[in-house]
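To start, the structure under review is shown below, and the notes come after it.
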Amino acid sequence: MSKKFYITTPIYYVNARPHIGHAYTTIACDTVARRHRMLGDDTWFLTGTDEHGQKIERAAQAAGKTPQQFADEVSETFRTSWERLGLSYDDFIRTTSDRHKEGVQALWRKIRDNGHIYKGTYTGQYCVFDELYVDAVGPGAPCPDCGRPTETVHEENYYFKLSAFEDKLIKLYTEQPDFIRPETRRNEVISFVRSGLRDLSVSRSTFSWGIPVPDDPKHVVYVWLDALANYITALGYGQKDQSKYEKYWPGIHMIGKEIVRFHCVYWPAFLMASGLPLPKGIVAHGWLLFEENKMSKSRGNIVRTETIVDVLGIDALRYFLLREIVFGQDGSFSFDALVQRYNADLANGLGNLASRTLTMINRYFRGEVPYPSQTGRTPADEAIASTAKRVIAEFDSLFDQYQFSRALELAWGLVAAVDKYIVENEPWSLGEKQDEGSRARLATVLYTSAEALRIVTALSHPIMPDATAKIWTQLGLGEIRKFDLSALQWGQLRLGTKLGEIQAVFPRADKSAVERMHKMEELKSENAAVTSAPPSTSPATQEAAVKPESSAGTKPGTAVPDGKISIDDFAKVELRVALVKTAERVKGADKLLRLEVDLGTEVRQLVAGIAEAYEPETLVGRKVVIVANLAPRKLRGLESNGMIVAASPEGGKPVLASFLEDVPIGTRLK
């Protein structure tokens with residue numbers, strides 16, 4: 001019988017679009033969920049958005065929208081971002097949904113009926129940014145958490161008897177030391193609770209954007225009681241069908257360190273007061289800094305995930321975040337570090353191991369996994385097998401402790417060991433010999449390398465689902481999602497397995513990748529004028545607006561200065577977005593590539609002079625701009641039906657036009 005496993009992200013506040021900090025938490029949860037599914041566990045993964053509170057009400061007013069309209073728009077950007085990242089969540093909860101409201105009111109009644117809520121008045125300081133009552137003195141006093149000015153609040157409130165749970169919370173932390181991880185956060189929470197707890201205001205009566213308090217609609221439920229309840233309301237708590245709640249609760253919460261107090265003090269106290277089971281544990285990670293500075297809109301250093309995905313792919317981002325940053329500690333992100341890690345570990349590491357091993361099996365054994373010699377095994381062969389067995393055992397243990405970086409470091413130690421093993425055993429030299437001993441040795445070396453590749457691929461699938469699925473298919477093993485990770489052992493690669501088509505998985509990135517990512521972020525911060533049309537229009541007619549800076553008001557037939565063109569001339573050029581389907585070098589031409597591009601309604605062949613700037617495999621799947629109404633012409637005997645658009649700096653290599661938004665293929669630029 002499979003075990004039940006439930007994991008949640010924090011629900012993200014809808015005051016801003018998602019960025020790489022939000023993605024970090026969600027990717028970590030997604031990785032854990034994927035691993036538990038591979039282990040055969042009945043897994044449920046929850047994420048969502050937190051949409052109530054005074055801050056949202058004010059942000060909506062400033063934007064000239066209703067709070068619901070504002071929340072709908074920002075919540076949808078989270079869904080869109082998570083779908084683009086391929087995240088495998090099972091449910092997306094919104095605190096404005098009816099199911100959530102119903103569950104929150106049921107929880108309120110439970111706590112109230114158990115005698116833990118009473119009515120009073122509050123006079124003091126309130127931080128709207130953190131939605132937090134604070135111990136600050138005087139109007140405008142700074143919030144001790146974020147440093148922003150607080151507001152003086154005087155209103156009727158309902159209070160929760162938090163002070164009554166001080167001893168119970170200390171007992172919880174003491175008897176279950178793994179309830180809060182890492183230990184540094186646990187110690188912070190214990191210190192906070194031991195300093196003394198005061199009763200907590202759990203309603204607001206000076207604004208209305210929230211869930212009405214049962215039997216007293218003048219009040220709305222305090223946003224943190226509202227938000228924290230999502231972990232059980234999403235499972236059906238307080239509703240007619242509570243089967244998911246009964247099946248999956250309790251679970252694991254993964255959060256950022258800035259909201260530890262709410263999750264580790266308030267949330268367990270609310271559950272104790274209601275008589276409900278406590279979470280299995282709370283895991284807090286540190287901040288993700290950008291080049292050693294905390295990301296913020298005021299600094300202009302927010303990094304969006306789509307930038308990285310466009311340049312290096314989803315798996316590169318996932319691997320970097322979990323390998324580079326020690327989970328639980330603050331970590332620094334930079335584009336340079338990302339590309340360096342990508343090249344070292346993925347392009348030159350796992351990608352190179354897969355390419356060289358599988359290519360040699362193709363070349364020397366007709367694409368079938370060879371039979372290793374049973375008599376001529378060497379200590380080097382046994383060392384690889386022994387290392388792989390140790391990696392399997394220790395990787396699981398480290399992952400269970402959320403030590404992602406150490407687990408990946410361990411696995412990539414096996415990659416390095418196999419690379420060294422291949423260099424020392426020179427299978428390419430053995431392949432040139434035809435004697436029986438050399439063939440047997442070659443088979444052993446390549447089988448050992450392929451089996452180690454299989455082990456690393458299986459272990460790292462939850463971290464890099466797309467790339468590892470491709471390697472698994474190239475190994476001839478079918479769909480990796482059907483593999484039972486709990487049964488992973490050395491020696492399971494079946495002899496004679498027919499390999500799939502061999503393709504590069506991680507093309508090497510050069511310095512231009514860093515420059516491109518920097519430029520894309522700069523353009524976003526400057527609100528570049530490239531937007532996609534409403535999704536209701538068809539791809540064939542949908543247009544991306546690129547406003548020309550000059551001649552915008554020129555009338556038809558109007559004379560224009562020498563050397564300039566009229567708007568009519570510009571309109572004759574048909575620029576469209578196309579998707580590169582295939583790319584290959586043109587034989588005998590150093591600068592030319594032959595491309596097949598999809599315009600949505602047709603596939604065309606183009607010949608482009610960009611071979612010195614781009615490797616063919618890096619272009620497949622990329623969106624480019626082409627001149628679609630150019631008369632065909634022949635280059636090196638190949639017909640080119642259009643022209644690719646690129647910037648050509650003087651003395652430099654051409655740079656292809658790129659989009660910051662997801663523009664459908666076939667879209668016309670104007």
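Below, each value reflects all heavy atoms present in this structure, side chains not excepted, and no hydrogens, waters or symmetry copies. Predicted model only: the values in this text are computed from it and were never measured.
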- Would Arg34 and Thr43 count as having a side-chain donor-acceptor pair, cut-off 3.5 Å? no

- Report the C-alpha separation of Arg594 and Glu584 in whole Å, then their side-chain angles, then the decisive distance to 0.1 Å, and conclude whether the salt bridge (Lys or Arg N to Asp or Glu O under 4.0 Å) test is met. CA-CA 5 Å; Arg594 187 190 75 85; Glu584 61 185 17; 2.9 Å; yes

- Task: Report yes or no: does Thr26 contribute a side-chain atom to a donor-acceptor pair with the main-chain N or O of His22 at less than 3.5 Å?
- Result: yes

- Message: Leu656 vs Ile644, test: side chain to side chain contact (heavy atoms under 4.5 Å, CB included). Steps then yes/no.
- Response: CA-CA 8 Å; Leu656 294 177; Ile644 199 164; 3.7 Å; yes

- Query: Just how far is it from atom CG of Leu446 to atom CZ of Arg356, taken to the nearest 0.5 Å?
  - Reply: 10.5 Å

- Task: Check step by step if side chain to side chain contact (heavy atoms under 4.5 Å, CB included) holds for Gln403 and Phe327.
- Result: CA-CA 6 Å; Gln403 296 187 41; Phe327 198 80; over 6 Å; no

- Check the pair Arg35 / Asp30 against salt bridge (Lys or Arg N to Asp or Glu O under 4.0 Å), numbers first and verdict last. CA-CA 9 Å; Arg35 178 173 173 273; Asp30 180 75; over 6 Å; no

- Query: If you measure only the distance, is there a donor-acceptor pair under 3.5 Å linking the side chains of Gln401 and Ser397?
  - Reply: yes

- Message: Between Arg17 and Phe78, is there a side-chain heavy-atom distance shorter than 4.5 Å?
- Response: no

- Query: Can you name the closest pair of heavy atoms from Tyr364 and Arg439 and give their distance?
  - Reply: O-NH2, 3.1 Å

- Hey, what do you get for OH (Tyr12) to OG1 (Thr77), rounding to the nearest 0.5 Å? 12.5 Å

- Item | side-chain hydrogen bond (donor to acceptor under 3.5 Å, both in side chains) evaluation trace for Thr305 with Arg84 | CA-CA 9 Å; Thr305 56; Arg84 188 171 185 197; over 6 Å; no

- Query: Above 12 or not: heavy atoms from other molecules or residues under 6.0 Å from CG of Asp590?
  - Reply: no

- Item | Flag side-chain contact, heavy atom, 4.5 Å: Leu499 against Phe365 | no

- Is a side-chain N or O of Glu451 found less than 3.5 angstrom from the main chain of Gln492, in a donor-acceptor match? yes

- Message: Ignoring hydrogens, what is the shortest heavy-atom contact between Phe404 and Ala28? Give both atom names and the distance.
- Response: CE1-CB, 4.3 Å

- Query: Can a salt bridge be assigned to the pair Asp310 and Lys623 using a cut-off of 4.0 Å between side-chain N and carboxylate O?
  - Reply: no

- Message: Rounded to the nearest 0.5 Å, what separates atom OG in Ser449 from atom CD1 in Ile422?
- Response: 3.5 Å

- Message: Can you confirm whether Leu312 sits close enough to Leu317 that some side-chain heavy atom of one is under 4.5 Å from a side-chain heavy atom of the other?
- Response: no

- Query: Within the side chain of Ser405, is there an N or O that forms a donor-acceptor pair under 3.5 Å with the backbone of Val326?
  - Reply: no

- Query: So Gln329 and Lys257, side chain to side chain contact (heavy atoms under 4.5 Å, CB included) or not? Walk me through it.
  - Reply: CA-CA 9 Å; Gln329 300 178 16; Lys257 68 178 183 179; over 6 Å; no

- Task: Find the distance between CG (Leu488) and CZ (Phe395) and round it off to the nearest 0.5 Å.
- Result: 10.0 Å

- Message: For a quick check under 3.5 Å, do Ser334 and Asp336 share a side-chain donor-acceptor pair by atom type?
- Response: no

- Message: Could you check whether any side-chain heavy atom of Tyr614 comes within less than 4.5 Å of a side-chain heavy atom of Arg622, counting everything from C-beta outward?
- Response: yes

- Message: Just by distance, no angles: are the side chains of Thr359 and Asn362 close enough, under 3.5 Å, to form a donor-acceptor pair?
- Response: no

- Query: Would you say the side chain of Ile7 lies within less than 4.5 Å of the side chain of Trp44, judging by non-hydrogen atoms?
  - Reply: no

- Query: Do the side chain of Gln605 and the main chain of Glu639 share a donor and acceptor less than 3.5 angstrom apart?
  - Reply: yes

- Note on the structure: Rounded to the nearest 0.5 angstrom, the CG-OG distance for Leu442 and Ser438 is 8.5 Å

- Check whether any side-chain heavy atom of Leu475 sits under 4.5 Å from a side-chain heavy atom of Leu453, and report yes or no. yes

- Task: Determine yes or no for a side-chain-to-main-chain donor-acceptor pair under 3.5 angstrom, with Glu394 supplying the side chain and Ile392 the backbone.
- Result: no

- Query: Would a distance-only check, ignoring hydrogens and angles, find a side-chain to backbone donor-acceptor pair under 3.5 Å from Asp330 to Trp287?
  - Reply: yes

- Minimum heavy-atom separation for Ile626 to Leu606, with atom names? CG2-CD1, 3.6 Å

- Message: Any donor-acceptor pair under 3.5 Å linking the side-chain atoms of Asp381 with those of Thr448?
- Response: no

- Message: For a side chain to side chain contact (heavy atoms under 4.5 Å, CB included) check, start with the C-alpha distance between Ile255 and His285, then their side-chain angles and the critical distance, and finish with the verdict.
- Response: CA-CA 6 Å; Ile255 62 171; His285 63 74; over 6 Å; no

- Task: Measure from the side-chain N and O atoms of Asn425 to the backbone N and O of Pro427, and report whether any donor-acceptor pair falls under 3.5 Å.
- Result: no

- Query: Is there side-chain contact between Phe5 and Ile252, with heavy atoms separated by less than 4.5 Å?
  - Reply: yes

- Any donor-acceptor pair under 3.5 Å from Asp315 side chain to Ala467 backbone: yes

- Euclidean distance, Asp41 CG relative to Lys3 NZ, rounded to 0.5 Å: 5.0 Å

- Item | Arg377 atom CZ: more than 12 heavy-atom contacts under 6.0 Å | yes

- Query: Can you name the nearest heavy-atom pair linking Arg604 to Asn641, along with the distance?
  - Reply: NH1-O, 3.2 Å

- Message: Counting neighbours of CZ on Arg406 that are heavy atoms of other residues, nucleotides or ligands and sit closer than 6.0 Å, is the number greater than 12?
- Response: no

- Message: Under a 4.0 Å threshold between the charged nitrogen and the carboxylate oxygen, would Asp90 count as salt-bridged to Arg37?
- Response: yes

- Identify whether NZ of Lys or CZ of Arg in Arg341 sits under 6.0 Å from the centre of the six-membered ring of Tyr319 and within 45° of that ring's axis. no

- Item | Heavy-atom check, side chain of Met464 versus side chain of Leu350, under 4.5 Å | yes

- Query: For the residue pair Tyr421 and Thr444, what are the closest heavy atoms and their distance?
  - Reply: OH-O, 3.9 Å

- Query: Is the side chain of Tyr24 donor-acceptor paired with the backbone N or O of Arg318 at a distance under 3.5 Å, no angle test?
  - Reply: no

- Message: For Thr9 versus Thr25, what's the shortest heavy-atom pair and its separation?
- Response: CG2-O, 4.5 Å

- Pairs touching residues 469-479 that satisfy side-chain hydrogen bond (donor to acceptor under 3.5 Å, both in side chains), sequence neighbours left out: Glu479-Arg481

- Query: Does atom NZ of Lys482 have more than 12 heavy-atom neighbours, drawn from other residues, nucleotides or ligands, at distances under 6.0 Å?
  - Reply: no

